[in-house]
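Working notes, beginning with the structure itself.
Below, read A as the first sequence line, B as the second, and so on, with proteins coming before strands; counting in each chain starts at 1. Owing to the predicted nature of the structure, the values given are computational and were not obtained by experimental measurement. Atom set for the values below is all heavy atoms of this structure, side chains included, hydrogens, waters and symmetry mates excluded.
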There are 2 protein chains.
Amino acid sequence: MSALFDPLLLDHQICRSLYSASSALTRAYRPLLAPLGLTYPQYLVMLALWERDQVTVGDLCTRTRLDPGSLTPLLKRMASKGLLLRARAKEDERKRVIALTRAGLELKARALTIPEQIACASGLSLEQGLQLRELTEQLYSHLDTA
Amino acid sequence: MSALFDPLLLDHQICRSLYSASSALTRAYRPLLAPLGLTYPQYLVMLALWERDQVTVGDLCTRTRLDPGSLTPLLKRMASKGLLLRARAKEDERKRVIALTRAGLELKARALTIPEQIACASGLSLEQGLQLRELTEQLYSHLDTA
DNA sequence: TTATTTTAATTTGTGTGCAATATATTTGTT
DNA sequence: AACAAATATATTGCACACAAATTAAAATAA
């Protein structure tokens, strides 16, 4: 079989490109998030909570696209750092209500410059960034609904 | 600040799109790889070895883009499954030479149809796939060299 | 009301990811 | 040759990813 069309050739795999790019981007966030005491998935949770808090674990799963099994211990760690509170919902004791503390809220100010720093470090033009977002959104939604 | 330009808005984050798309793609591989007894990173290693084996751990790191700290235990698991051997290099005792076993070699035949199945499940056109690969390659190489 | 099913979150176990540290071997220096 | 730097892996510790099993509460059915 010609190497040009070998379906198993590593250099042809979108998966490796996507996987390594995603890992590299997470790695790029690390030094920016470390001063805030956040990991990258924790940053996603904070982004969600800065938009809207007093929400359930399930809502955070949906909006961050993180796994419930990962989210529970992650939220516990963030609560122990004093960033948020995990209370039971009064109207439905199965649910938890996640609420930011003052410290969690105030952390937002220190995160404001991160997106621009990442955009710069990415080396992508604005147009390329939008294109990449559209393609990955399409891929995600197609795989997620199937 | 207008929500349209809020840099911290989740829906504007390329990182979340990339992260969730990459996770979803890995998840899509899982049911295809499970019958072969492989995880996704292990599959990347097998792709590399099917192309060229009798190589060092460092070579596998480079080609799969996986971390050396992840690769060592991963290779041990694959060796214990009988897919490969981890011998010391005679000319340089620091290095290990990773070689496929017959079973590892023969597994390739059962993996041949995976790329097409993934391509189909992705919902991306050929052109979109190429575009996505180019963008993620650019992102990876830019972040990796910096 | 009691029993069944569904839902929300948690727990468990295995496999990573990765920074930091350690170990052993080789190469380069004095 | 003895010693210092560099190299190739391996180890450690913590954080995640995720399928599967579990728990507890709420909704629904009998």
Side-chain angles (χ1 to χ4, degrees), chain A residues 15-16 19-31 33-34 37-45 55-62 64-81 83 86-98 140 143-144, chain B residues 15-16 19-34 36-45 55-62 64-81 83 86-98 140 143-144:
Chain A
C15 59
R16 185 187 63 160
Y19 193 82
S20 58
S22 178
S23 304
L25 189 58
T26 301
R27 203 159 34 240
Y29 272 99
R30 201 183 313 273
L33 293 175
L38 294 175
T39 66
Y40 172 71
Q42 290 171 9
Y43 172 67
L44 280 183
V45 169
V55 295
T56 65
V57 174
D59 176 79
L60 285 176
C61 287
T62 305
T64 62
R65 299 177 182 170
L66 296 176
D67 189 79
S70 311
L71 215 38
T72 293
L74 187 153
L75 290 171
K76 282 184 181 176
R77 282 188 286 270
M78 294 175 74
S80 76
K81 283 180 201 160
L83 295 176
R86 304 163 61 241
R88 290 279 177 198
K90 267 172 289 185
E91 76 282 5
D92 185 341
E93 292 271 326
R94 289 171 305 181
K95 296 181 181 174
R96 273 196 196 271
V97 179
I98 309 298
Y140 170 73
L143 290 174
D144 198 52
Chain B
C15 59
R16 184 187 64 160
Y19 194 82
S20 59
S22 178
S23 304
L25 190 57
T26 300
R27 202 157 36 241
Y29 272 98
R30 202 182 312 275
L32 305 182
L33 293 175
L36 311 191
L38 295 175
T39 65
Y40 172 72
Q42 290 171 9
Y43 172 67
L44 280 183
V45 169
V55 295
T56 65
V57 173
D59 176 79
L60 285 177
C61 286
T62 304
T64 61
R65 298 178 184 170
L66 297 176
D67 189 79
S70 311
L71 214 39
T72 293
L74 186 154
L75 290 171
K76 281 186 182 177
R77 282 189 285 272
M78 294 175 76
S80 76
K81 283 180 200 159
L83 295 175
R86 304 163 61 241
R88 290 281 177 195
K90 266 172 290 187
E91 74 283 5
D92 185 341
E93 292 272 327
R94 291 171 304 181
K95 296 181 181 174
R96 273 196 195 271
V97 178
I98 310 297
Y140 169 74
L143 289 174
D144 198 51

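Of the possible donor and acceptor atoms, one in the side chain of B:Thr62 sits under 3.5 Å from a partner among the backbone N and O of B:Gly58.
Between the CZ atom in A:Arg77 and the CG atom in A:Leu83 there is a gap of 12.5 Å [rounded to 0.5 Å].
Residue-level contact check: A:Leu71 touches neither bases nor backbone, having no heavy atom under 4.0 Å from any strand. Using a 4.0 Å heavy-atom criterion, one finds that A:Ser23 contacts the sugar-phosphate atoms exclusively. B:Gly58 comes within 4.0 angstrom of sugar-phosphate atoms only, judged by non-hydrogen atoms across all strands, and of no base. Within 4.0 Å (heavy atoms only), B:Asp92 reaches sugar-phosphate atoms of the nucleic acid but no base atom.
Residue A:Glu93 has its side chain nearest to D:dA25 when only D:dC16, D:dC18, D:dA25 are considered. Side-chain proximity of A:Asp67 to D:dC16, D:dC18, C:dA8: nearest is D:dC18. Relative to the side chain of A:Lys76, the nucleotides D:dT11, C:dT10, D:dA19 differ in distance, and C:dT10 lies closest. Of the listed nucleotides (C:dA9, D:dA10, C:dG15), D:dA10 has the atom at the smallest distance from the side chain of B:Val57. Distances from the side chain of A:Leu74 to the nucleotides C:dT10, D:dC16, D:dT11 place D:dC16 closest.
When all heavy atoms of B:Tyr40 and A:Arg16 are compared, the closest pair comes out as OH-N, 3.5 Å.
Contact annotation: B:Arg96 side-chain N/O to D:dA8 OP1/OP2 distance is not under 4.0 Å. For the pair B:Thr56 and D:dA8, the criterion of a side-chain N or O lying under 4.0 Å from OP1 or OP2 is not met. Close to C:dT11, at under 4.0 Å from its OP1 or OP2, lies no side-chain N or O of A:Thr72. Considering only side-chain N and O atoms, A:Arg86 lies under 4.0 angstrom from the phosphate OP1 or OP2 of C:dT10. Proximity of A:Thr39 to the phosphate of D:dC16: a side-chain N or O atom is located under 4.0 Å from OP1 or OP2.
Applying the 3.5 Å distance criterion, the base of D:dT7 shares a donor-acceptor pair with the side chain of B:Arg94.
Both A:Arg27 and B:Lys81 sit near DNA chain C, but only B:Lys81 has its closest nucleotide nearer the 5' end.
Put simply, the side chain of B:Arg86 reaches to within 4.5 Å of the side chain of B:Lys76, judged on heavy atoms.
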